[in-house]
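Worksheet: the structure to be examined is printed underneath.
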There are 2 protein chains.
Amino acid sequence: MYEVFFQKFNEKVQLTAEEQDFVKQYLTPKKLRKKQYLLQEGDICKHLCLVEKGALKAYVLNETGEEHITAFALEGWTIGDLSSFIKQEPATLNIDALEDCELVLLSKPAHDELLQKIPKYETYFRILMTDAYMALQKRTAYMISLPLEERYKALTDMYPTLVQRVPQHMIASYMGLSPETLSRVRSRITNRK
Amino acid sequence: MYEVFFQKFNEKVQLTAEEQDFVKQYLTPKKLRKKQYLLQEGDICKHLCLVEKGALKAYVLNETGEEHITAFALEGWTIGDLSSFIKQEPATLNIDALEDCELVLLSKPAHDELLQKIPKYETYFRILMTDAYMALQKRTAYMISLPLEERYKALTDMYPTLVQRVPQHMIASYMGLSPETLSRVRSRITNRK
DNA sequence: TAAAAGCCTTGACAAAAATCAATGCGTCTC
DNA sequence: GAGACGCATTGATTTTTGTCAAGGCTTTTA
């Protein structure tokens with residue numbers, strides 16, 4: 001249990017067996033069926049969530065009820081409404097399961113206590129945030145500076161599994177495009193080689 | 001000296017006078033004239049940089065040499081090519097001064113040593129990354145889900161000083177728009193009330 | 001296994017944004 | 001004080017993207 005969680009943790013900061021057992025006390029497993037919500041807009045995000053198995057999406061709804069996907073999470077990725085989690089304020093994100101999921105949850109009190117008690121947890125979380133921020137900076141730079149074809153290619157290069165596994169209209173939403181436009185971008189790419 | 005740096009630091013983690021003196025050893029002041037580079041694409045980002053005074057912009061250049069601004073920094077903000085800094089790899093960002101600047105620099109060795117020696121520095125940096133990541137997530141959600149008018153309004157609400165202080169074509173670049181389009185967005189906003 | 005639902009693609013058209021060009025205005029510089 | 005430069009605006013036009021509608025294919029479900 002919690003294999004993926006500790007694998008990811010140990011990639012960043014190596015824990016001893018005892019430390020690992022100690023951290024385990026703070027974790028909660030959770031299963032989610034496809035289409036079930038992990039978090040709904042307006043609720044407070046009570047947990048950060050690491051994906052042991054399955055896939056989820058995070059999205060905002062605009063006035064007209066359109067869904068705009070802001071993030072995906074596959075095995076080993078962490079997801080949640082970070083702002084809502086840190087500040088314990090109502091969430092602006094919705095998060096639901098794209099497939100049946102096995103998750104590891106960490107509550108806000110558990111997070112705060114681990115930050116206090118285990119310096120390695122703070123290191124882990126510092127690196128997690130730094131990596132996440134760097135990845136999002138890269139995405140932002142691509143969004144602003146690359147033409148659509150390049151943006152799509154960059155995405156498939158960076159996350160080939162994601163693009164295989166998730167319906168294309170969701171990739172389109174994530175890129176801020178209509179499904180039709182992404183379909184045309186893809187046909188332009190394949191026809192030009 | 002370093003007033004703004006320690007003000008920002010103490011907002012996140014309170015340092016004693018002794019701790020503050022200790023951290024000071026690792027800092028370097030630097031002045032930059034308007035239009036001078038802090039960092040050029042291809043170089044390794046040797047320092048993180050906090051702005052004591054002045055303003056800078058970070059941007060990528062695409063194949064056709066167009067500038068796409070990815071970030072600004074005003075007083076109290078931290079800037080740098082984080083990926084290049086952390087991994088000590090060639091930078092993809094260019095950073096230059098929009099005004100004459102007074103900066104505080106922190107080198108990579110200094111950063112690493114402070115992480116080791118001063119737990120409060122790790123806490124500071126963890127919070128810095130978390131806040132930066134949350135802000136960028138917000139920006140990304142806006143980019144994908146809000147119509148142009150709303151996006152511009154959100155930007156002026158969030159960073160009124162920035163919009164005042166920086167030429168509008170740079171704001172347009174930051175938003176991923178042509179200067180003409182931003183000008184029209186603005187005239188639509190003012191004419192409709 | 002038949003019907004329904006979800007997904008992707010394509011075409012025709014409408015809307016939005018980029019581009020090109022011209023103008024005006026202020027500021028800096030010599 | 002004149003010219004050059006940078007900046008914002010506006011108009012005309014082109015290009016890009018979104019929207020609407022239809023069709024075919026696959027998967028899910030009853």
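First the proteins, then the strands, lettered A, B, ... as listed; each starts at 1. Remember, it's a predicted structure, so these values are computed and weren't measured experimentally.
Between the side chains of Y121(A) and H111(A), at least one donor N or O lies within less than 3.5 Å of an accepting N or O. For the residue pair T123(B)/E122(A), the side-chain donor-acceptor check at 3.5 Å is satisfied. Side-chain contact check for S178(A) and T181(A): at least one donor-acceptor pair (N or O, by modelled atom type) lies under 3.5 Å. Side-chain contact annotation: T161(B) with Q164(B), donor-acceptor N/O pair under 3.5 Å absent.
For Q116(B), the CD atom is loosely surrounded, since the number of other residues' heavy atoms within 6.0 Å does not exceed 12.
One interatomic measurement links the two molecules: OH of Y152(B) to C1' of dA8(D), which rounds to 12 Å at whole-angstrom precision. One interatomic measurement links the two molecules: CE of M143(A) to P of dT17(D), which rounds to 13 Å at whole-angstrom precision.
Between K57(B) and E67(B) a salt bridge is recorded (basic side-chain N to carboxylate O distance below 4.0 Å). Electrostatic pairing of E75(A) and K8(A) does not count as a salt bridge here, judged by no charged N lying under 4.0 Å from a carboxylate O. Residues R186(A) and E149(A) are not paired through a salt bridge, judged by the lack of any N-O separation under 4.0 Å between the basic side chain and the carboxylate. Of the charged side-chain nitrogens involved, none lies within less than 4.0 Å of a carboxylate oxygen, so that K153(A) and D157(A) do not count as a salt-bridged pair.
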Would you give me the side-chain donor-acceptor pairs under 3.5 Å for residues 41-55 of chain B, sequence neighbours excluded?
from: E41(B); atom 1: OE1; to: N94(B); atom 2: ND2; distance (Å): 3.3
from: E52(B); atom 1: OE1; to: E3(B); atom 2: N; distance (Å): 3.4
from: E52(B); atom 1: OE1; to: V4(B); atom 2: N; distance (Å): 3.1
from: E52(B); atom 1: OE2; to: V4(B); atom 2: N; distance (Å): 3.2
from: E52(B); atom 1: OE2; to: F5(B); atom 2: N; distance (Å): 2.9

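Among F72(A), Y152(A), W77(A), the one residue that satisfies the ring-ring contact (aromatic ring centres under 6.0 Å, His included) test with Y159(A) is W77(A).
Over its full length, the helix from dT1(C)-dA30(D) to dC30(C)-dG1(D) turns its helical axis through 40°, comparing axes from the five pairs at each end and rounding to 10°.
At least one side-chain heavy atom of F6(B) sits less than 4.5 Å from a side-chain heavy atom of V23(B). You'll find the side chain of M158(B) reaches within 4.5 Å of the side chain of Y142(B), heavy atoms only.
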Go through the steps for D96(B) and Q36(B) under the test side-chain contact (heavy atoms from CB on, under 4.5 Å), then give the verdict. CA-CA 5 Å; D96(B) 62 30; Q36(B) 280 189 315; over 6 Å; no
Using the 3.5 Å cut-off, write out each protein N or O paired with an N or O of nucleotides 6-8 of chain C and the distance between them.
from: dC8(C); atom 1: OP1; to: Q168(A); atom 2: N; distance (Å): 2.6
from: dC8(C); atom 1: OP2; to: Q168(A); atom 2: N; distance (Å): 3.4
from: dC8(C); atom 1: OP2; to: H169(A); atom 2: N; distance (Å): 3.1
from: dC8(C); atom 1: OP2; to: H169(A); atom 2: ND1; distance (Å): 3.2

Go along nucleotides 14-30 of chain C 5' to 3' and tag each nucleotide: B for a protein heavy atom under 4.0 Å from its base, S when only backbone or sugar atoms are that close, - otherwise. ---SSBBB---------
Which letters describe nucleotides 23-30 of chain D, given B = protein heavy atom under 4.0 Å from base, S = only from sugar-phosphate, - = neither? --------
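Residues from residues 154-164 of chain A lying near DNA chain C, meaning a heavy-atom separation below 4.0 Å, are absent.
A distance of 7.5 Å separates CG of L114(A) from CG of L27(A), quoted to the nearest 0.5 Å.
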